[in-house]
2 protein chains.
Amino acid sequence: MDIQLKRGLLDVCVLAAIKDEETYGYKIIKDMKPYIEMSESTLYTILKRLEAAQMVNIRSAEHNGRLRKYYSITETGLKRIDEFRDDWKEIMTIYRFVSREDQDNE
Amino acid sequence: MDIQLKRGLLDVCVLAAIKDEETYGYKIIKDMKPYIEMSESTLYTILKRLEAAQMVNIRSAEHNGRLRKYYSITETGLKRIDEFRDDWKEIMTIYRFVSREDQDNE
DNA sequence: CATAAATACTTCGTGATACGATGTATATCA
DNA sequence: TGATATACATCGTATCACGAAGTATTTATG
């Protein structure tokens, strides 16, 4: 998929992946793969950004002798998903504008 | 609307605005205003980009003593709109992923 | 046992691009 | 006369997705 088209989607996708359960970076990438793909460098950048915006909480915990960072969503993060649903209405309007057929032919 | 969300949409919106009739920059902005807003600097950058990609043709003509640049869409430009429709299917999948409700509550 | 692959996270540099600010120039309107 | 609309252009900046590369451990695979 076009990289520019992904830009407004990725943040909210990651939030959606975290929404239901505390999870960690590597798992997020695998969970989202059927829907949208992103590189590791992208994901960890996004997670940092979401933390700075206080949309996720981070907890470090040992797993198999290694530290793993677990992410959970915050109220602000949930609000962000709701806002996306509002944006979606605008996007649908745009989509109809772009994909409309000419009145005359067909 | 979130600036990042617009990024993949703007190019194809401009193409859609040009699709039906030869038009010019200032008019495009006004035509699209109900659907999506963009600054003039953004629009003219996009038009240049679309020209470089041979998705639009440019014709300069005098209007009221001033030069005005008229844009029309090319085959490549029409193809770009079609490709966007394919991308749209992926976007819908992503939307469903983001906006799904939890299975348990509600 | 050695080597490869998977897991897990990090840092760095780059390229694409939307925008505000600013500039230029003419026409129209109050 | 001054403001507003029309019409296009240039420049610098901030955001951000990505590939490349690095670190380190665990788990196959031969």
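Each chain gets a letter, A, B and so on, in the order the sequences are listed, and its residues count up from 1.
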Check: Tell me: CG of Leu9(B) to P of dA18(C), nearest whole Å?
Finding: 10 Å
Notebook entry, point to check: Roughly how far apart are Lys27(B) NZ and Leu43(B) CG, rounded to 0.5 Å?
Noted result: 12.5 Å
Notebook entry, point to check: Hey, is the side chain of Arg66(A) poking within less than 4.0 Å of OP1 or OP2 on dT26(D), counting only N and O atoms?
Noted result: no
Next item on the list: Take atom CD1 of Ile28(A) and atom C1' of dT10(C), then tell me their distance rounded to the nearest Å.
Entry: 16 Å
Item checked: Flag side-chain contact, heavy atom, 4.5 Å: Lys48(A) against Tyr44(A) -> no
Notebook entry, point to check: So what does Glu40(A) hit on the nucleic acid, given a heavy-atom distance under 4.0 Å: a base, only sugar-phosphate, or nothing?
Noted result: base
Check: What do you reckon, is OH of Tyr35(A) surrounded by more than 12 foreign heavy atoms closer than 6.0 Å?
Finding: no
Note to self: Any side-chain N or O of Tyr44(A) below 4.0 angstrom from OP1/OP2 of dA8(C)?
What the structure shows: no
Notebook entry, point to check: Do the ring planes of Tyr24(B) and Tyr70(B) sit parallel (below 30°), tilted (30 to 60°) or perpendicular (above 60°)?
Noted result: perpendicular
Next item on the list: Find the distance Met38(B):CE to dC19(C):P and express it as a whole number of Å.
Entry: 8 Å
Item checked: Presence of Arg7(A) side-chain N/O under 4.0 Å of dA16(C) phosphate oxygens OP1/OP2 -> no
Checklist line | Residue pair Ile73(B) / Leu15(B): nearest heavy atoms and the distance that separates them | finding: CD1-O, 3.6 Å
Note to self: Just the rounded figure in Å: distance from P of dC19(C) to CG of Leu47(B).
What the structure shows: 14 Å
Check: Counting any heavy atom closer than 4.0 Å, what does Lys48(A) reach on the DNA or RNA strands: base, sugar-phosphate only, or nothing?
Finding: sugar-phosphate
Notebook entry, point to check: Base, sugar-phosphate, or nothing: which does Leu10(A) touch, judged by heavy atoms less than 4.0 Å apart?
Noted result: sugar-phosphate
Note to self: Measuring to OP1 and OP2 of dA7(D), would you say a side-chain N or O of Lys30(B) lies under 4.0 angstrom away?
What the structure shows: no
Item checked: Asn64(A) side-chain N/O to dT27(D) phosphate OP1/OP2 under 4.0 Å -> yes
Notebook entry, point to check: Between Lys6(A) and dC18(D), does any side-chain N or O lie under 4.0 Å from OP1 or OP2?
Noted result: yes
Checklist line | Nearest-angstrom distance from the residue atom CG of Leu5(A) to P of dC16(D) | finding: 16 Å
Note to self: Judged by each residue's nearest nucleotide on DNA chain D, which is more toward the 5′ side, Ser41(B) or Ser39(A)?
What the structure shows: Ser41(B)
Check: Taking the nucleotide of DNA chain C with the closest heavy atom to each, which residue, Gln4(A) or Arg68(A), is nearer the 5' end?
Finding: Arg68(A)
Next item on the list: Look at Thr42(A) and dC18(D) and indicate whether a side-chain polar atom (N or O) is within less than 4.0 Å of OP1 or OP2.
Entry: yes
Margin query: In this structure, how many angstroms lie between the P atom of dT10(C) and the CD1 atom of Ile46(A), rounded?
Written below: 14 Å
Next item on the list: Rounded off to whole Å, could you give me the CG-to-C1' distance for the Asp31(B) and dT6(D) pair?
Entry: 14 Å
Next item on the list: Round to a whole Å and report the spacing from CE of Met1(A) to P of dA16(C).
Entry: 19 Å
